[in-house]
Amino acid sequence: MKVDVLLGLQWGDEGKGKVVDVLTPKYDVVARFQGGPNAGHTLEFEGQKYVLRSIPSGIFQGDKVNIIGNGVVLDPALFKAEAEALEASGHPLKERLHISKKAHLILPTHRILDAAYEAAKGDAKVGTTGKGIGPTYTDKVSRNGVRVGDILHNFEQKYGAVKARHEQILKSLNYEYDLTELEKAWMEGIEYLKQFHFVDSEHEVNNYLKDGKSVLCEGAQGTMLDIDFGSYPFVTSSNTVCAGACTGLGVAPNRIGEVFGIFKAYCTRVGAGPFPTELFDETGDKMCTLGHEFGSVTGRKRRCGWIDLVALKYSVMINGVTKLIMMKSDVLDTFDTIKACVAYKVDGEEIDYFPYDITEGVEPVYAELPGWKTDMTKMQSEDEFPEEFNAYLTFLEEQLGVEIKIVSVGPDRAQTIERYTEE
Ligand code: GDP
Ligand code: IMO
Ligand code: MG
């Protein structure tokens, strides 16, 4: 068997959580491979809304195994709060949620370092989620990290050594902080974590594949936030692209099957950094209002703009996307005209490839299409799609060279339409 991967093609918040939940019945296992509680994946069904941060979005459909892979960074305090809330709402997880021993722990001092580094950057700050993501991955790569498996071996000593090093850095930055409450909650989180299955997830996943079981890998963030290919330095600190599923779960590249690339019918970004199609007018405000574009983790207002096909083509290429999924179609229901950026003008010259630097002087070139002016939220099948909506889908498919197989027309699990296939 192969693993399928579902990942974001834009700057995150494309709707990954919703679609992973929708697709879960087709799989035996759902696994997260990177990121951490910087993610906020929203699911809605039966009148309930859930936001997941570290727990995979396959947790609500039957008793599927969900795995937190080695590529993930885990904050025990936030994990405890998330897991306890789920258990309290009638979704037991202890038997179904497996955690890689190789996943790195976000320490309380990682969160403080995140804030200290951001403060030191001043106007150049990244606008991180403040969850300690960058400092934790930094320690991982510099071989100073503490892993989930360490909880069972000489933990106090390992924790103490890393904490002492962090405290020295914070002192050198003259950064004032109070660790008491954070550390207390964190230690309680460590105790709580011990009830879960710590696994060698690379063996587990490969054994599932050998036994003919199907695995869906759930990406966090989006391709434009990838540490290598995103809008550096305004990115997160992990590989959010498809290759991240290989390193973040121990899956060989030739084991990758379908790659589901998910995007919004428009585009959003939260935090700082370049965004060529960003709108600063009432059209952007309208997208924000109709799309409820506020961060599910931080509550920050998301910046909004038209779809950027130059960036999307780049994402499709980097990830080897085999199937596209378009989200939040309904948000554009009332627009007279829909714009799509098909090229950038840089120094007066038109380019259709994603350049090294999009920080300055990139002007979007737009194609315009008629809006569909129809309420999409009640649609049950693609037979009901208005002509203009079909024209938009066809236009995007032609531009991106990949078929759009799923269209989302509202936040609820049920508001999801699979398109006919001719395979
Ligand atoms: P993720 O991080 O990729 O899982 O996405 P988020 O959950 O952060 O953000 C997506 C938001 O859009 C959530 O509030 C979803 O409930 C909502 N959403 C998902 N699909 C649709 C859709 O088709 N239409 C509308 N209006 N909202 C949607
Ligand atoms: P999901 O999985 C949107 C952004 C932050 C910031 C940058 C770095 O819900 O799509 P970090 O805390 O990772 O060091 O922040 O990345 N960011 C996200 N934006 N969705 C996310 O996750 C994000 N995770 C991080 O806003 O600009
Ligand atoms: Mg999100």
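We count ligands from 1, going down the list as the structure has it; atoms in each ligand are counted the same way.
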Quick one: does NZ or CZ of K323 land under 6.0 Å from the six-membered ring centre of F260, within 45 degrees of the ring axis?
no
Point-to-point distance, once rounded to the nearest 0.5 Å, from CG of L332 to CG of L369
11.5 Å
Could you measure the distance from the CD atom of E293 to the NZ atom of K286? Nearest 0.5 Å is fine.
14.5 Å
Taking only heavy atoms of [X] into account, list the atoms of ligand 1 that are under 4.0 Å away from them.
X: R302; answer: 8 (O), 9 (O)
X: E44; answer: 16 (O)
X: M327; answer: 20 (N)

Taking the six-membered ring for Trp, are Y175 and Y177 parallel (under 30°), tilted (30 to 60°) or perpendicular (over 60°)?
parallel
Using 30° and 60° as the class boundaries, would you call the ring planes of Y192 and F79 parallel, tilted or perpendicular?
tilted
Test your reading of the structure: does [X] have an N or O sitting under 3.5 Å from an N or O of ligand 2?
X: H41; answer: yes
X: S237; answer: no
X: K16; answer: yes
X: N38; answer: yes

H98 and F196: aromatic ring centres closer than 6.0 Å?
no
Derivation of the side-chain hydrogen bond (donor to acceptor under 3.5 Å, both in side chains) call for S100 and R147:
CA-CA 9 Å; S100 169; R147 304 192 288 181; over 6 Å; no
Heavy-atom nearest neighbour in the protein, as seen from [atom], with distance rounded to 0.1 Å:
atom: atom 26 (N) of ligand 1; result: D330 OD2, 2.8 Å
atom: atom 7 (O) of ligand 1; result: T42 OG1, 2.5 Å
atom: atom 2 (O) of ligand 1; result: G40 O, 2.8 Å
atom: atom 13 (O) of ligand 2; result: T236 OG1, 2.6 Å
atom: atom 10 (C) of ligand 1; result: D13 O, 3.6 Å
atom: atom 11 (C) of ligand 1; result: K328 NZ, 3.6 Å
atom: atom 15 (O) of ligand 2; result: T128 CA, 3.4 Å
atom: atom 3 (C) of ligand 2; result: D13 OD2, 3.2 Å
atom: atom 12 (O) of ligand 2; result: T129 OG1, 2.6 Å
atom: atom 23 (O) of ligand 1; result: S408 OG, 2.5 Å
atom: atom 27 (O) of ligand 2; result: V270 O, 3.2 Å
atom: atom 5 (C) of ligand 2; result: G127 O, 3.6 Å

Distance-only N or O hit between ligand 1 and G410, under 3.5 Å
yes
Is there at least one pair of N or O atoms, one from E14 and one from ligand 1, spaced under 3.5 Å apart?
yes
Distance filter under 4.0 Å to [X] heavy atoms, resulting ligand 2 atoms:
X: A39; value: 1 (P), 2 (O), 9 (O), 22 (O)
X: A220; value: 2 (O)
X: V126; value: 8 (C), 27 (O)

Closer than 4.0 angstrom, basic N to acidic O: yes or no for R111 and E183?
no
Any side-chain heavy atom of [X] sitting closer than 4.5 Å to one from [Y]?
X: I169; Y: L113; value: yes
X: K301; Y: C288; value: yes
X: W372; Y: I338; value: yes
X: F275; Y: I358; value: no
X: F45; Y: Y50; value: yes
X: M187; Y: Y159; value: yes
X: N319; Y: T223; value: yes

Give the single entry among [options] that approaches [atom] most closely by any heavy atom.
atom: atom 5 (O) of ligand 1; options: A220, G222, G15; result: G15
atom: atom 4 (O) of ligand 1; options: G295, G17, P411, G12; result: G17
atom: atom 8 (C) of ligand 2; options: L225, V235, T240; result: V235
atom: atom 1 (P) of ligand 2; options: R302, R300, Q221; result: Q221

At a non-hydrogen distance cut-off of under 4.0 Å, which region of L290 contacts ligand 1 (side chain, backbone, both, or neither)?
neither
Within the 4.0 Å heavy-atom cut-off, what R53 brings close to ligand 1 is neither
Judged by non-hydrogen atoms, does [X] sit under 4.0 Å from ligand 2?
X: G222; result: no
X: W11; result: yes
X: G8; result: no

The Mg ion (ligand 3) to nearest N/O/S of G40 less than 2.8 Å
yes
Tell me yes or no: between the side chains of [X] and [Y], is some donor less than 3.5 Å from an acceptor?
X: K18; Y: T416; answer: yes
X: D114; Y: T128; answer: yes
X: D226; Y: Y232; answer: no
X: S57; Y: E218; answer: yes

Per residue D13, nearest N, O or S atom to the Mg ion (ligand 3) is named OD1
Should we say atom NZ of K171 is surrounded by more than 12 heavy atoms from elsewhere, each under 6.0 Å from it?
no
The answer for which part of K131 has a heavy atom under 4.0 Å from ligand 2 is neither
